[in-house]
Amino acid sequence: MEIRFAKPEDALQILALLEEIGQVHYHIRPDIFQANAQKYGASQVLARMADPETPTFVAVEGDTVLGYSFCEIKHFCGHPVMADRKEMFLEDLCVAGSARRMGVGKALHTYVCDYAKKIGCYNLTLHVWSDNAGAVKFYEEMGMRPQRYIMETILEEK
């Protein structure tokens, strides 16, 4: 397995994985996610790949994309509350259902951390749905811990 920057020819396989992750989110929270929805289309995936502030990495075996990570470099400079720093935000880390439990997620996470260190980031952050127990457990195993919580009250039951 190789981890590398995504290339335009990876886009179709990344789009298929985006469909998978969309369904995972829908099954966890159908009250807020739409069925069969996808957060990015082909042009948006390609634009992310071209932007150095939104690096996209893929785990590949030959020509097959086993997983991807969408990242965003965030800059805090002169902020009235936050200390100056550069942060790597891990927007998505998705592993194909057929490639889970094979070390793909761990390899992608490690690669993102190493890349973030190399470019001078202070920390790596991400959001994970609290009902996604598998993902929460995975990130805890990667050494991550909560930085903050987003709480909710559902005001109207359907």
Side-chain angles (χ1 to χ4, degrees), residues 1-74 86-119 121-152:
M1 174 178 47
E2 173 190 9
I3 310 289
R4 60 168 170 74
F5 278 96
K7 300 175 184 176
E9 53 266 27
D10 301 322
L12 287 177
Q13 292 182 74
I14 291 171
L15 288 168
L17 291 175
L18 275 164
E19 287 180 35
E20 272 191 52
I21 200 169
Q23 285 304 105
V24 168
H25 288 122
Y26 172 72
H27 287 294
I28 291 170
R29 291 295 304 264
D31 58 322
I32 59 176
F33 288 103
Q34 297 179 44
N36 303 313
Q38 193 170 315
K39 77 179 190 179
Y40 295 129
S43 62
Q44 293 162 310
V45 169
L46 291 169
R48 290 186 66 83
M49 288 181 196
D51 184 350
E53 294 294 305
T54 58
T56 300
F57 303 102
V58 289
V60 294
E61 191 72 55
D63 293 333
T64 302
V65 174
L66 304 173
Y68 72 84
S69 62
F70 288 150
C71 301
E72 180 183 345
I73 301 166
K74 295 186 174 190
K86 182 164 48 167
E87 173 179 296
M88 179 67 75
F89 177 66
L90 181 54
E91 181 181 335
D92 273 359
L93 190 153
C94 178
V95 176
S98 61
R100 293 202 179 120
R101 306 265 183 250
M102 297 171 43
V104 176
K106 183 176 183 177
L108 276 165
H109 184 273
T110 299
Y111 193 92
V112 169
C113 285
D114 291 345
Y115 179 77
K117 284 181 202 174
K118 186 173 106 175
I119 65 167
C121 290
Y122 171 73
N123 59 345
L124 173 76
T125 62
L126 57 83
H127 299 159
V128 62
W129 292 95
S130 61
D131 291 341
N132 191 345
V136 170
K137 182 178 183 225
F138 169 77
Y139 290 122
E140 287 173 344
E141 289 172 356
M142 295 297 96
M144 298 191 85
R145 58 185 171 79
Q147 181 189 52
R148 62 182 138 176
Y149 294 96
I150 297 174
M151 311 289 286
E152 75 175 335

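Values in this document were obtained by computation on a predicted structure and should not be read as measured data. All heavy atoms count here, side chains included; hydrogens, waters and symmetry mates do not.
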Straight-line distance of Asp10 CG to Met49 CE, nearest 0.5 Å: 5.5 Å
Approximate separation, where rounding is to 0.5 Å, of Asn132 CG and Ile28 CD1: 3.5 Å
Donor-acceptor contact below 3.5 Å, side chain Arg100 vs main chain Val95: yes
Side-chain donor or acceptor of Gln23 paired with backbone N/O of Asn36 under 3.5 Å: yes
Side-chain touch Phe57/Arg4, heavy atoms, less than 4.5 angstrom: no
Greater than 12 external heavy atoms within 6.0 Å of Tyr122's OH: no
Distance (rounded to the nearest 0.5 Å) between Leu126 CG and Asn123 CG: 10.5 Å
Separation between CD1 of Ile14 and CD of Glu9, rounded to the nearest 0.5 Å: 10.0 Å
Pair Asp92-Leu18, side-chain contact (heavy atoms from CB on, under 4.5 Å): steps then yes or no: CA-CA 9 Å; Asp92 273 359; Leu18 275 164; 4.0 Å; yes
Test item: Glu61 side-chain N/O and Met1 main-chain N/O as donor-acceptor pair under 3.5 Å: yes
Ring geometry between Tyr139 and His109 (parallel below 30°, tilted from 30 to 60°, perpendicular above 60°): tilted
Any donor-acceptor N/O pair, Gln13 side chain to Asp63 backbone, under 3.5 Å: yes
Verdict with reasoning, Val45 to Leu15, per side-chain contact (heavy atoms from CB on, under 4.5 Å): CA-CA 8 Å; Val45 169; Leu15 288 168; 3.9 Å; yes
Lys7 atom NZ: more than 12 heavy-atom contacts under 6.0 Å: no
Interatomic spacing from CD in Gln147 to OG1 in Thr125 - rounded to 0.5 Å: 6.0 Å
Under-4.0 Å salt bridge between Glu152 and Arg29: yes
CD1 (Ile119) with more than 12 external heavy atoms under 6.0 Å: yes
Verdict with supporting geometry, Tyr68 and Ile21, side-chain contact (heavy atoms from CB on, under 4.5 Å): CA-CA 11 Å; Tyr68 72 84; Ile21 200 169; 3.8 Å; yes
Criterion side-chain contact (heavy atoms from CB on, under 4.5 Å) against Leu124, the qualifying member of Met144, Glu87, Met142, Lys117: Met144
Centroid-centroid under 6.0 Å between Phe70 and Tyr40 rings: yes
Taking every non-hydrogen atom, the tightest pair across Leu90 and Ser69: CD1-CB, 3.7 Å
Heavy-atom donor-acceptor pair, Arg48 side chain to Cys71 backbone, under 3.5 Å: yes
Within the 6.0 Å centroid threshold, strictly below: His127 and Phe89: yes
Side chain Lys118, main chain Cys113, donor-acceptor under 3.5 Å: no
Residue pair Val58 / Ala6: nearest heavy atoms and the distance that separates them: CG1-CB, 3.8 Å
Ile73 CD1 to Tyr115 OH distance, which is reported to the nearest 0.5 Å: 5.0 Å
